[in-house]
Visitor: 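Questions regarding the structure given below will be posed in turn.
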Amino acid sequence: MVHLTDQEIKSINAIWGKVDPKAIGGESLARLLIAYPWTQRYFGSFGNLGSSDAICHNAKVIAHGEKVLRSIGEALKHLDNLKGHYAKLSQYHSEKLHVDPANFQRFGDVVVIVLAKNFHGEFTPEVQAAFEKAFCGVADALGKGYH
């Protein structure tokens, strides 16, 4: 469970309501794959990930980034029960994909950077702190499938 104040929830919702999941998600996943190249091992079926340009224009990267961002958007509606919300997905990432749980936090960190880039003045330090708190909860919930 993530404990956010009413103001933090309001701030998150104000920004999130303007988020284009395809654009923000695609850019976020591309940045993750570029900045942390070892994360590419989970995306072997995505084709050419051999350069920054190839990653940024890869349709599968963009589509998966959108999917992940939509999932986070749903999770933001369940902040009181993130572990329950993500139980099956956490187990899948743990047992089937063997994803390093630290990558969930890395992705959240990258999303914060992309949001800050896209929402400039609206993305105040207080808004950033609220998103970081929420994404930490999301990362923790997704990592719970790991024993």
Visitor: Counting only heavy atoms from other residues, nucleotides and ligands, does the tally under 6.0 Å from NZ of Lys10 exceed 12?
Guide: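 Check fails, neighbour count at 12 or below.
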Visitor: Where is the tightest heavy-atom contact between Ile12 and Ala130, given as atom of each residue plus distance?
Guide: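 Minimum heavy-atom separation between Ile12 and Ala130: CD1-O, 3.5 Å.
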Visitor: Given side chain to side chain contact (heavy atoms under 4.5 Å, CB included), test Lys133 with Leu4 step by step and report yes or no.
Guide: CA-CA 8 Å; Lys133 192 187 295 187; Leu4 295 169; 3.2 Å; yes
Visitor: Salt bridge between Glu66 and Arg70, side-chain N to carboxylate O under 4.0 Å?
Guide: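 Looking at Arg70 together with Glu66, the answer is yes, because their closest N to O distance falls below 4.0 Å.
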Visitor: Does any part of the side chain of His64, heavy atoms only, come nearer than 4.5 Å to the side chain of Phe46, both counted from C-beta?
Guide: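 Heavy-atom side-chain distance check passes, below 4.5 Å.
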Visitor: Out of curiosity, His3 NE2 to Asp80 CG, how far, rounded to the nearest 0.5 Å?
Guide: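 It is 10.0 Å, given to the nearest 0.5 Å.
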Visitor: Provide the closest heavy-atom pair for Trp16 versus Leu69 in the form atom of the first, atom of the second, distance.
Guide: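 So the minimum-distance heavy-atom pair works out to CZ2-O, 3.5 Å.
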Visitor: Checking Ser71 side chain against Lys67 main chain: does a donor-acceptor pair fall under 3.5 Å?
Guide: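 Between the backbone of Lys67 and the side chain of Ser71 there is no qualifying donor-acceptor contact (under 3.5 Å).
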Visitor: Measuring only between side-chain heavy atoms, which start at C-beta, is Arg31 closer than 4.5 Å to Ile113?
Guide: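 A side-chain contact under 4.5 Å exists here.
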Visitor: Does some side-chain heavy atom of Glu126 sit less than 4.5 Å from a side-chain heavy atom of Glu8?
Guide: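 Side-chain contact under 4.5 Å: no.
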Visitor: One pair to check against side chain to side chain contact (heavy atoms under 4.5 Å, CB included): Cys136 and Gln105. What are the steps and the verdict?
Guide: CA-CA 6 Å; Cys136 185; Gln105 186 63 49; 4.0 Å; yes
Visitor: State, with a plain yes or no, whether a side-chain heavy atom of Phe131 is found less than 4.5 Å away from one of Val111.
Guide: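 Not touching, per the 4.5 Å side-chain cut-off.
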Visitor: Testing Leu33, Ile34, Leu29, Leu49 one by one against Thr39 for a side chain to side chain contact (heavy atoms under 4.5 Å, CB included), which residue passes?
Guide: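 With Thr39 as partner, Leu33, Ile34, Leu29, Leu49 yield a single side chain to side chain contact (heavy atoms under 4.5 Å, CB included), made by Leu33.
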Visitor: Testing the basics here: between Ile62 and Cys56, what is the closest heavy-atom pair and its distance to 0.1 Å?
Guide: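 Nearest pair, atom of Ile62 first, then Cys56: CD1-O, 3.7 Å.
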Visitor: Do Phe135 and Phe104 make the cut of ring centroids closer than 6.0 angstrom?
Guide: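 Here the rings of Phe104 and Phe135 have centres that are no less than 6.0 Å from each other.
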Visitor: Looking at Asn118 and Val114, would you say the former's side chain and the latter's main chain have a donor-acceptor pair under 3.5 Å?
Guide: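 It does hold such a pair.
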Visitor: If only side-chain N and O atoms count, and only distance matters, is there a donor-acceptor pair under 3.5 Å linking Thr124 with Gln128?
Guide: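 The criterion, which ignores hydrogens and geometry beyond distance, is not satisfied for Thr124 and Gln128.
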Visitor: Enter the distance from Asn58:CG to Phe43:CZ here, rounded to the nearest 0.5 Å.
Guide: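 Going from the CG atom of Asn58 to the CZ atom of Phe43 covers 10.5 Å.
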